[in-house]
Amino acid sequence: MDEITPVLASASGGESGEHVTDYTGVKVYYRRFWVLFTFSLLSAQQSNVWLTFGVIPDETSAYYGIDSWQIDLLAAWGPIIFIPFVFFSSWYLQEYGLRSTVLMGTWLVLIGTGLRCLIPRGYEKDMFFLVHLGQILNAAVGPIVMATPPKLSVDWFPVNQRTTATAIAAVANSFGVAFGFLLVPALVNAFERMGYAGVQFMLFTEFWMTAAIAVLIFAYFPAYPPTAPSISSQTPRLPFKESLMAATANSALWMLCICGGVSQGLFSGWSSVLSIILNNKSGYNDRVKVHGKEMFFTSTAWLGCVSTIVGIATGLAFGFLADLLPKRIKRLIVLLLFLCVVCFAWFVLSVYKVSFTRWLGSTFVSCVLGSSFLGATNPLFYEASVEVAYPIPEGTAGGLLTLFNNIGCLLFQIIGMAGVFTDAHPGRARAMNFVLVGSIAACGFLALFYKETYRRRQVDCSYEDDGVCDEYHIDAGAAVGTLWKPDNAVNYGTGSGENKPGEQE
């Protein structure tokens, strides 16, 4: 294999005087931050729309005249639609590129939020199917916003910024959840105080928020930069069918998908019954307005919100740390999962009021720390998966990882709709504390044994050859200069058009 050592050639220039960092055949552009920003807005709004009715169950039930199981179904559409749609979205992303995929997702969220607003007063129950249809369309965007971050980062960001970019795009979905926890009930209460139907006008507000994001994306969201940001972003990936077959034989990828998907999926399900674990009989409630630290530490609403926000912050921090410490992702994952086990074990002891955990805030602090450490593993699992999977496309590897996440979450949704977890039986929900701790411990133990490889980074940074380029017939040396492009390769150089199969640069 020819060695490739990127050599700094210039630090200025580019189109229209735009500042670029120029390596041999490699450039990065400031516009990459706009692409990341607008994609993150769409991801956050998609999760906010998914969450909408789950945080106002009483208001939703009263306004539409429906039973609680229908409210649970509105949230369950997320994983139900995700599981079959993830394969289509992965194929579509590889065949038609980032721009076309994001535009499709934007239209789906926009139409979905619009359908929820079309129910006239007096027909809320009869036309409630429009709400279901809107949630289904929004759920179809879940695979796009959850599996696409590694693809966006490799298409637009240099090697030393990829994990950070992946982290930002990945945690944006969690930010939408944290934002929704406070925004949705606040909007409903505000409109009701003004004498309007709170739920209806809240839905109108979410539609106009989606429309504003759509305007930003439609105004400018290029398919790819004029020049590739890294050498590996130019090298060909396996076709979709071949990539699925290669994935089934990649034991390291499966181990990462199981570790990341099971831990994240079970945590999502566990979070959904947190208000039952910490119920009124335990001295907790879901109030948003609090006065004093005791009310704050016993509010499950603020516990969920703070846990998510701190998880976002640690996800970003460890994504940045992984860029500073290349080839250390496995160690970071194992360390974070170990800290998760410690913190959630502390949480279990606090729930059962073991002597040394009876101080005010013990349950709150332990849950926030455990959630933050687990949230920090999210971007690391993304990057580790695409590295061991290369040259399997980033969208396919990310799709498989998030597929396991949604399977675990769906199991909890089904159990919830079956009435297993209720306020009348808090012990059943509390038992899931032990399932969570044991599962994360098992994932951490399994993560010790996956074979850590950095195949994609090797192409960029000329790490010691492990045979990957010879195995898949990838001539990394050809990445500088004229590059062979298969039918599904990105056509760098046009900057705004879609992929053109078979075209030579």
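From a predicted model like this one, the values you see are computed outputs, not experimental measurements.
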field: Non-hydrogen side-chain atoms of Q161 and P158 separated by less than 4.5 Å
entry: yes

- prompt: Can you tell if the side chain of L253 reaches within under 4.5 Å of the side chain of S385, non-hydrogen atoms only?
  reply: yes

- prompt: Do T113 and N138 come close enough that some side-chain heavy atom pair is under 4.5 Å?
  reply: no

message: Applying salt bridge (charged side-chain N to carboxylate O under 4.0 Å, His left out) as the test, list every pair that has at least one member in residues 389-411; sequence neighbours left out.
response: R237-E394, E394-R456

- request: Mind running side-chain hydrogen bond (donor to acceptor under 3.5 Å, both in side chains) on S43 and N173 for me, showing each step along the way?
  value: CA-CA 5 Å; S43 180; N173 204 252; 3.2 Å; yes

query: After noting the C-alpha distance and the side-chain angles of L51 and V184, does the key distance pass the side-chain contact (heavy atoms from CB on, under 4.5 Å) rule?
result: CA-CA 9 Å; L51 180 73; V184 172; 6.0 Å; no

Main-chain N/O of A76 paired with W50 side-chain donor or acceptor, under 3.5 Å: no

query: Heavy atoms, side chains only, cut-off 4.5 Å: are S371 and T308 in contact?
result: no

task: Could you tell me whether the side chain of K27 reaches within less than 4.5 Å of the side chain of Y29, counting heavy atoms only?
output: yes

Check: G97 main-chain N/O paired with S100 side-chain donor or acceptor under 3.5 Å: no

task: Indicate yes or no for a side-chain donor-acceptor contact from T314 to the backbone of G311 under 3.5 Å, with no hydrogens or angles considered.
output: yes

query: Do the side chains of L337 and F445 get nearer than 4.5 Å, heavy atoms only?
result: no

query: Which residues pass the side chain to side chain contact (heavy atoms under 4.5 Å, CB included) test with M255, sequence neighbours left out?
result: L446, F449, Y450

statement: Note: F381 and S263 closest approach over all heavy atoms is CE1-OG, 4.4 Å

- request: Tell me, please, which residues at least two apart from L321 pass side chain to side chain contact (heavy atoms under 4.5 Å, CB included).
  value: F318, L325, L332

- prompt: G180 and P185: which non-hydrogen atoms are nearest, and at how many Å?
  reply: O-CD, 3.6 Å

Partners meeting ring pair (Phe, Tyr, Trp, His ring centres under 6.0 Å) with F218 (sequence neighbours left out): W107

field: S372 side chain vs L369 backbone, donor-acceptor pair below 3.5 Å
entry: yes

message: Take a 6.0 Å sphere around CE of M245 and say whether it holds more than 12 heavy atoms from other residues, nucleotides or ligands.
response: no

- request: Answer with yes or no whether the side chains of E206 and T52 bring together a donor and an acceptor at under 3.5 Å.
  value: yes

statement: Those residues at least two apart in sequence (or on a different chain) that pass side chain to side chain contact (heavy atoms under 4.5 Å, CB included) with A441 are V341

query: Is there a donor in the side chain of Y390 and an acceptor in the side chain of T453, or the other way round, less than 3.5 Å apart?
result: no

field: Option passing side chain to side chain contact (heavy atoms under 4.5 Å, CB included) with M146 (candidates N406, V86, L401)
entry: N406

query: Considering only heavy atoms from C-beta outward, does the side chain of P393 approach that of F240 to under 4.5 Å?
result: no

- request: Please report the closest heavy-atom contact between G315 and A167, naming both atoms and the distance.
  value: O-CB, 3.7 Å

statement: Sequence neighbours excluded, the answer for side chain to side chain contact (heavy atoms under 4.5 Å, CB included) partners of Y64 is F53, T60, I66, I119, E124, F128, V131, V199, L203

message: Quick check against the 3.5 Å criterion: does S439 have a side-chain atom that pairs as donor or acceptor with the backbone of V435?
response: yes

Set of side-chain hydrogen bond (donor to acceptor under 3.5 Å, both in side chains) partners for E452, sequence neighbours left out: Y454

query: Looking just at side-chain N and O atoms, do S153 and T166 make a donor-acceptor pair shorter than 3.5 Å?
result: yes

- prompt: Within the distance-only criterion (no hydrogens, no angle test), does the side chain of N433 pair as donor or acceptor with the backbone N or O of F347 below 3.5 angstrom?
  reply: no

statement: When every non-hydrogen atom of P143 is compared with those of S89, the smallest separation belongs to CB-OG, 3.2 Å

- request: Working to the nearest 0.5 Å, report the span between CZ of R162 and CZ of F157.
  value: 12.0 Å

task: Kindly state each residue pair satisfying salt bridge (charged side-chain N to carboxylate O under 4.0 Å, His left out) with at least one member in residues 245-266, sequence neighbours excluded.
output: none

- prompt: For A147 and P150, which heavy atoms make the closest approach, and how far apart are they?
  reply: O-CD, 3.5 Å

query: Say you draw a straight line from CG of L256 to OG of S251; how long is it, rounded to the nearest 0.5 Å?
result: 10.0 Å

message: Test side-chain contact (heavy atoms from CB on, under 4.5 Å) on I56 and M202; report intermediate values, then the result.
response: CA-CA 11 Å; I56 51 168; M202 178 273 298; 3.7 Å; yes

- request: Please name all residues satisfying side-chain hydrogen bond (donor to acceptor under 3.5 Å, both in side chains) with D323, sequence neighbours left out, ordered by chain then number.
  value: T163, T164

task: State which residues pass side-chain hydrogen bond (donor to acceptor under 3.5 Å, both in side chains) with T396; sequence neighbours excluded, sorted by chain then number.
output: none

- prompt: Would Q70 and D67 satisfy side-chain hydrogen bond (donor to acceptor under 3.5 Å, both in side chains), going step by step from the backbone distance to the final call?
  reply: CA-CA 6 Å; Q70 292 198 59; D67 297 326; 5.2 Å; no

- request: Measure the SG-CG distance between C340 and L436 for me, rounded to the nearest 0.5 Å.
  value: 8.5 Å

- prompt: Looking only at heavy atoms, which two atoms of S230 and V159 are closest? And how far apart?
  reply: CB-CG2, 4.0 Å

message: Is the distance from the ring center of F88 to that of Y92 below 6.0 Å?
response: yes

Heavy-atom side-chain proximity of L110 to F207 below 4.5 angstrom: yes

query: Who passes ring pair (Phe, Tyr, Trp, His ring centres under 6.0 Å) against F404, sequence neighbours left out?
result: W254

- prompt: How long is the span from the CD1 atom in I392 to the CD atom in Q94, to the nearest 0.5 Å?
  reply: 10.5 Å

Full working for side-chain contact (heavy atoms from CB on, under 4.5 Å) between K330 and L380: CA-CA 8 Å; K330 178 178 177 177; L380 301 183; over 6 Å; no

field: For F373, all residues meeting ring pair (Phe, Tyr, Trp, His ring centres under 6.0 Å), sequence neighbours excluded
entry: none

- prompt: Should V334 and L448 be marked as a side-chain contact (heavy atoms from CB on, under 4.5 Å) after you check the CA-CA gap, both sets of side-chain angles, and the distance that decides it?
  reply: CA-CA 7 Å; V334 173; L448 287 170; 3.7 Å; yes

message: Once rounded to the nearest 0.5 Å, what's the spacing between atom CD of Q46 and atom CG of L137?
response: 11.5 Å

Approximate separation, where rounding is to 0.5 Å, of F82 CZ and I144 CD1: 10.5 Å

query: Between the side chain of T38 and the main-chain N/O of W34, is any donor-acceptor distance below 3.5 Å?
result: yes

